[in-house]
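Values reported hereafter were calculated over all heavy atoms of this structure, with side chains retained and with hydrogens, waters and symmetry mates removed. On a predicted model such as this, the values are computed, not experimentally measured, just so you know.
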Amino acid sequence: LTIRLSLLFSSIFQKHKQPVKDFIYESNNGKDIFFAADKARTGIGKAGWNFKIMEYRNITLEELNMDLFSDFIRRQVVTKVWRRENGRWVIKEEPFIDDWSPEDLAFGISCIQNTIKTGGLLYGAFSDGTLKGFISVEAQIFGGAHKYMDLTSIHVSADMRKCGIGRILFQKAKEWAKEKGAEKLYISSHSAVESQAFYKSMGCREAAVYNTEHTEKEPFDIQLECIL
């Protein structure tokens, strides 16, 4: 094994607003394993931390079915969203709950199956063998000189959010797309304030050129790009 230690920002022992501290181990068989610190889920009390071993790897076509998502919690409670009004972006109160119906999940699985079949990336985060996060990037480069690759999905299960999983998935997508010759990721992104805060923290900005296929399908999504 080749082992590397990655310490994200400051110590988990700070009392307030502490970032996650991740110990990442990179193996020579294509898998990344790390310990995720998750605050106050151990029953120890407010200061308790729960350390979970996370494995990151490509998801294969053979394992991609409904059972893979049996313990995945898509549910996202949204209260505020970004909307463009009169040429500027503003925050609006528009509460709703975003979740997958069985039909939604089946359609999503068919989409990411196609991602794999066409040479794209499907990369997952697993805890005790259970899927807790995933990201997909399509193989086709588009957008002329912008050389975009389409980041078509990124999701983290509700019980494992704010543990740094999304950041690791996003970084993997950037590395993969750059290796394949792209210069930017294109993201038709969820308009929730929390989702946009994540993308901004990852270096995303409004896309220079909009993909009309996305804007027609999801008119309330925010079209972003991220330079690789």
Query - Nearest heavy-atom neighbours spanning Ala125 and Ile165 - result: CB-CG2, 3.7 Å
Query raised in the report: For the atom pair CZ (Arg205) and SG (Cys226), what is the distance rounded to the nearest 0.5 Å?
Result: 9.0 Å
Query - Spacing of OG belonging to Ser188 relative to CG belonging to Asp150, to within rounding of 0.5 Å - result: 8.0 Å
Query raised in the report: Within the distance-only criterion (no hydrogens, no angle test), does the side chain of Glu138 pair as donor or acceptor with the backbone N or O of Thr152 below 3.5 angstrom?
Result: no
Report summary line: Looking only at heavy atoms, the pair that brings Ser195 and Gln76 closest together is OG-NE2, 3.3 Å
Query raised in the report: Does the distance from a Lys or Arg side-chain N to an Asp or Glu carboxylate O, for Arg75 and Asp98, drop under 4.0 Å?
Result: no
Query raised in the report: Does one hydrophobic cluster hold both Ile116 and Tyr56, with members joined at side-chain heavy-atom distances below 4.5 Å?
Result: no
Query raised in the report: Is a donor on one side and an acceptor on the other found under 3.5 Å between the side chain of Glu225 and the backbone of Ala208?
Result: yes
Query raised in the report: With distance as the sole test, does Asn65 use its side chain to make a donor-acceptor pair with the main-chain N or O of Leu68 at under 3.5 Å?
Result: yes
**Report entry** Leu122 side, atom CG; Ile59 side, atom CD1 - distance, nearest 0.5 Å
**Finding:** 4.0 Å
**Report entry** Sequence-distant partners of Ser153, side-chain contact (heavy atoms from CB on, under 4.5 Å), two or more places apart
**Finding:** Ile112, Phe134, Ser136, His155
**Report entry** His146 (side chain) donor-acceptor with Tyr148 (main chain) under 3.5 angstrom
**Finding:** no
Report task. Kindly determine whether Asp67 and Ser70 satisfy side-chain hydrogen bond (donor to acceptor under 3.5 Å, both in side chains), including the steps that lead there. Result -> CA-CA 5 Å; Asp67 290 341; Ser70 59; 6.0 Å; no
Query raised in the report: Is there a donor-acceptor pair closer than 3.5 Å between any side-chain N or O of Glu63 and the backbone N or O of Thr60?
Result: yes
Query raised in the report: Say you draw a straight line from CD of Glu55 to OG1 of Thr130; how long is it, rounded to the nearest 0.5 Å?
Result: 11.0 Å
Report summary line: CD1 (Ile154) and NZ (Lys172) are apart, to the nearest 0.5 Å, by 14.0 Å
Report summary line: All heavy atoms of Phe126 vs all of Arg57, minimum pair found to be CZ-NH2, 3.5 Å
Query raised in the report: Which atom pair, heavy atoms only, marks the closest approach of Val78 to His190?
Result: CG2-CE1, 3.9 Å
Query raised in the report: Quick one: does Gln171's side chain get under 4.5 Å of Arg167's, heavy atoms only?
Result: no
Query - Single-linkage hydrophobic cluster, 4.5 Å side-chain cutoff, Leu64 and Val137 together - result: no
Query raised in the report: Donor-acceptor pair, Thr115 side chain versus Cys111 backbone, under 3.5 Å?
Result: yes
Query - Within 6.0 angstrom of Tyr210 OH, more than 12 heavy atoms from elsewhere - result: yes
Query raised in the report: Roughly how far, to the nearest 0.5 Å, is OH of Tyr123 from CH2 of Trp176?
Result: 13.5 Å
Report task. Identify the heavy atoms of Ala177 and Leu185 that sit nearest to each other, and give their distance. Result -> CB-CD2, 3.7 Å
Report task. Any salt bridge (charged side-chain N to carboxylate O under 4.0 Å, His left out) involving residues 106-122? Give me the pairs, sequence neighbours left out, ordered by first then second residue. Result -> none
For residues 84-96, please give each side-chain donor-acceptor pair under 3.5 Å, one per line with the distance, not counting sequence neighbours.
residue: Arg84; atom: NH2; partner: Glu206; partner atom: OE1; Å: 3.4
residue: Arg84; atom: NH2; partner: Glu206; partner atom: OE2; Å: 2.4
residue: Glu85; atom: OE2; partner: Lys92; partner atom: NZ; Å: 3.1
residue: Trp89; atom: NE1; partner: Glu206; partner atom: OE1; Å: 3.3
residue: Glu94; atom: OE1; partner: Arg83; partner atom: NH2; Å: 3.0

Query raised in the report: Would the Phe142 and Tyr186 ring centres measure less than 6.0 Å apart?
Result: yes
Query raised in the report: Same cluster for Tyr199 and Val193 if Ile/Leu/Val/Met/Phe/Trp/Tyr side chains link at under 4.5 Å?
Result: yes
Report task. For residues Arg74 and Asp99, determine if any side-chain heavy atom of one lies less than 4.5 Å from a side-chain heavy atom of the other. Result -> yes
Query - Contacts of Ser157 that satisfy side-chain contact (heavy atoms from CB on, under 4.5 Å) - sequence neighbours left out - result: Phe72, Ile73, Lys132, Asp159
**Report entry** Closest non-hydrogen atom pair, Gly124 against Leu131
**Finding:** CA-CD1, 4.2 Å
Requested in this report: Write out all pairs satisfying salt bridge (charged side-chain N to carboxylate O under 4.0 Å, His left out) with one or both partners inside residues 210-222, taking only residues at least two apart or from two chains.
Outcome: none
Query raised in the report: For Gln196 and Ser191, what are the C-alpha separation, side-chain angles and deciding distance, and is it a side-chain hydrogen bond (donor to acceptor under 3.5 Å, both in side chains)?
Result: CA-CA 6 Å; Gln196 290 304 305; Ser191 60; over 6 Å; no
Query raised in the report: Are Met160 and Phe69 grouped together when hydrophobic residues (ILVMFWY) are joined by side-chain heavy atoms under 4.5 angstrom apart?
Result: no
Query raised in the report: Is Ile187 reachable from Leu228 through a run of hydrophobic residues whose side-chain heavy atoms are each under 4.5 Å from the next?
Result: yes
Query raised in the report: Within a strict 4.5 Å, meaning less than it, do heavy atoms of the Phe170 and Ser201 side chains meet?
Result: no
**Report entry** Residues which pass side-chain contact (heavy atoms from CB on, under 4.5 Å) with Ile141, listed by chain and number, not counting sequence neighbours
**Finding:** Lys147, Met149
